[in-house]
Protein chains: 2
Amino acid sequence: MTADKGILGRYARVLDAVAESPDGLAFAEIARKTGLPQGTAHRLIGALLRVGYINASQNRRIYVLGHRLLRLLHLRTPRELVAELARPVLKSLVERFAETAFVAKLEGDEVESIAMVLPEFERHSYVQPGRVMPLHAAASAKAIFAFQDKEFLGQALQRPLVTFTPKSITSKKKVLAELAQVRKAGYAACLDELDPGVSSYACPIPVPGGIFYSVGLVGVSQRLEQYSTATLVAALREAANALGERLSGRAATR
Amino acid sequence: MTADKGILGRYARVLDAVAESPDGLAFAEIARKTGLPQGTAHRLIGALLRVGYINASQNRRIYVLGHRLLRLLHLRTPRELVAELARPVLKSLVERFAETAFVAKLEGDEVESIAMVLPEFERHSYVQPGRVMPLHAAASAKAIFAFQDKEFLGQALQRPLVTFTPKSITSKKKVLAELAQVRKAGYAACLDELDPGVSSYACPIPVPGGIFYSVGLVGVSQRLEQYSTATLVAALREAANALGERLSGRAATR
DNA sequence: GAATAAAGTTCCGTGTTTCGGAAGTCGGCA
DNA sequence: TGCCGACTTCCGAAACACGGAACTTTATTC
């Protein structure tokens, strides 16, 4: 189209070109596909890189969609799509540990539980799908918020930190310290912080663009204690990696 | 953050704000969340509207992500996510018609078959998942390309129109006419155009932002003829609507 | 239903940024 | 070493973004 709708129109054309090529595009191909002069294309690509709308992969020569756009995409991915894909992985966790397994997702600026499989004998569940997991008192939420940027986190921390149990962490400073710890360890735990006598463990699910999902186990604290933390975390991490590959289309279709 | 990375940084902040609010944002909320002066916010929103990165919903007062971004989202949605969700719907089509049912997806600038369920007695399939469906000789591809914009279509039509059978349409003009017809009728048919003696029908799957998927039936022409076109199309349309709702997160979780 | 507040829109002089052609640099290859 | 294509930088002219303030429209209150 000759009708370039302002400056944004040209940026949009570059993004369209990049998105339409599943394996990314080299600089010259972008200039050709969009019909932009090389100098101009170069400048636009530089700006897009700086805001994170495209990323340079490999030897810095192939451009693909960037983390900032992938973030929007995951925020808008319907819960059901992810839930459907996660079910088999959750089932195998349940079989192994006989505890409730679940997946949580970043929705807007909150973390929600979106899929759950519970052991057969269990009478009730601790995380109904759709339940909002509080940032300071749920392993699943910690595992996701620990990997968000400061600005976003600061906004989320505006919400009051409700005291659910005597063990709940209710100071912003302590929450931030906890999240830093989660980031370092690669997993989150919540022992009696949300419901008394109930504990949970969760790992972030790595997908290109950032962390938007987590996979976890919940159960009566006493029963969970029979497994070592290392065992639980190793299993969750494995599950998280498997889910990450499925969510980004790199999985061997089972 | 005070560090605005150029003009794109401010647009990005608006988009982030909109994406983080699942139900959309009013003008004033955008200005507040991004910290932009009202006049400025208004101008940026206008530009974003013009390129289709945001849409005004309802009484033109609530802004949500626009079709141009949703398009990127769907282009990048892994095949497996969609395939998993589509399976039950495909199964019920197969049960009813005893013919192969499948879903196709726009990948880059090509249409690919991504999920398929075939009747038990069938010995081989006509559309392996992963097969690229030619724009001019496959119902599934026609059903998708018919709803793409002219620019994109023109680009796709650069590719040579292979003659698969005597019935294949091989002139650009006729292909365009056929696509216009598909757009009007709301479904596409291919009678012996790709493989001799094999026919297919397909309907576009409506999701917010445009058409990126189609659902179809394939089979030996003679066998398919026992159903009236109206019957086939009605069933496909129903399936397409069901899939559309699931894909956009509006479905009643079965 | 009038008064008032809130939400949304337009204007415009100032000043920064974009524009793209052309010239320059890099890196692989014979 | 010298060539070629891919990529990057430069720069003056022109265009556009900037945001405060004034204005219109819509919602709320009494």
Side-chain angles (χ1 to χ4, degrees), chain A residues 1-66 68-69 108 151 155, chain B residues 1-66 68-69 151:
Chain A
M1 301 267 110
T2 14
D4 253 351
K5 290 156 206 148
I7 184 184
L8 257 190
R10 328 182 105 213
Y11 282 116
R13 267 163 63 193
V14 174
L15 288 179
D16 284 347
V18 171
E20 280 164 20
S21 303
D23 303 319
L25 279 182
F27 167 82
E29 294 173 295
I30 293 179
R32 189 184 49 70
K33 254 196 125 177
T34 56
L36 294 167
Q38 290 209 356
T40 302
H42 191 264
R43 191 167 35 79
L44 297 185
I45 288 172
L48 287 169
L49 279 173
R50 249 170 284 130
V51 292
Y53 274 9
I54 62 177
N55 272 0
S57 82
Q58 299 182 20
N59 358 328
R60 304 255 141 73
R61 292 172 172 286
I62 300 292
Y63 298 101
V64 296
L65 289 194
R68 190 107 176 240
L69 270 181
E151 193 180 355
Q155 193 183 302
Chain B
M1 300 283 106
T2 13
D4 255 350
K5 291 154 203 150
I7 185 183
L8 259 187
R10 330 182 102 212
Y11 282 116
R13 268 163 61 194
V14 174
L15 288 179
D16 284 347
V18 171
E20 280 163 19
S21 304
D23 302 320
L25 279 182
F27 167 84
E29 294 173 299
I30 293 178
R32 187 184 50 70
K33 255 194 122 177
T34 57
L36 294 167
Q38 290 208 355
T40 301
H42 192 263
R43 190 167 35 79
L44 297 185
I45 288 172
L48 287 169
L49 278 173
R50 251 170 281 129
V51 292
Y53 274 9
I54 63 177
N55 272 359
S57 80
Q58 300 182 20
N59 357 328
R60 305 252 140 75
R61 294 175 170 283
I62 300 292
Y63 298 101
V64 295
L65 289 194
R68 192 112 177 233
L69 271 181
E151 192 180 356

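Chain A is the first sequence line, chain B the second, and so forth, proteins listed ahead of strands; every chain is numbered from 1. Computation of the quantities below employed the complete heavy-atom set of this structure, encompassing side-chain atoms and omitting hydrogens, waters and symmetry-equivalent molecules.
One can place CZ of B/R32 at 16 Å from C1' of C/dG8, the figure rounded to the nearest angstrom. Atom CZ in A/F27 sits roughly 6 Å away from atom C1' in D/dC7 (whole-Å rounding). Protein atom CZ of B/R10 is 12 Å distant from nucleotide atom P of C/dT18, rounded to whole Å. One atom, CD1 of B/I7, and another, P of D/dG19, lie 11 Å apart when rounded to the nearest Å. Between A/R43 atom CZ and D/dT9 atom P there is a gap of 13 Å when expressed in whole angstrom units. Here the P atom of nucleotide D/dA22 and the NE2 atom of B/H42 are 19 Å apart, to the nearest Å. Note: CD (B/Q38) to P (C/dC11) measures 17 Å, nearest angstrom. In this entry the distance linking CG of B/L8 with P of C/dT17 reads 13 Å, nearest Å.
Side-chain contact check for A/K33 versus A/S21: some heavy-atom pair is nearer than 4.5 Å. Under the 4.5 Å side-chain criterion, counting only non-hydrogen atoms from C-beta, B/Y53 is not in contact with B/V18.
With C/dT9, D/dC18, C/dC19 as the choices, the nucleotide that has an atom nearest any side-chain atom of B/Y63 turns out to be C/dT9. Considering only the side chain of B/R61, D/dT26 comes nearest among D/dC7, C/dT18, D/dT26.
Contact check on A/D16 versus B/R68 returns a salt bridge, with a Lys/Arg side-chain nitrogen under 4.0 Å from an Asp/Glu carboxylate oxygen.
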task = Before giving the answer on side-chain contact (heavy atoms from CB on, under 4.5 Å), spell out for A/I45 and A/H42 the whole-Å C-alpha distance, their side-chain angles and the decisive distance to 0.1 Å.
result = CA-CA 5 Å; A/I45 288 172; A/H42 191 264; 5.9 Å; no
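Distances shorter than 4.0 Å separate some side-chain N or O of A/T40 from OP1 or OP2 on C/dG20.
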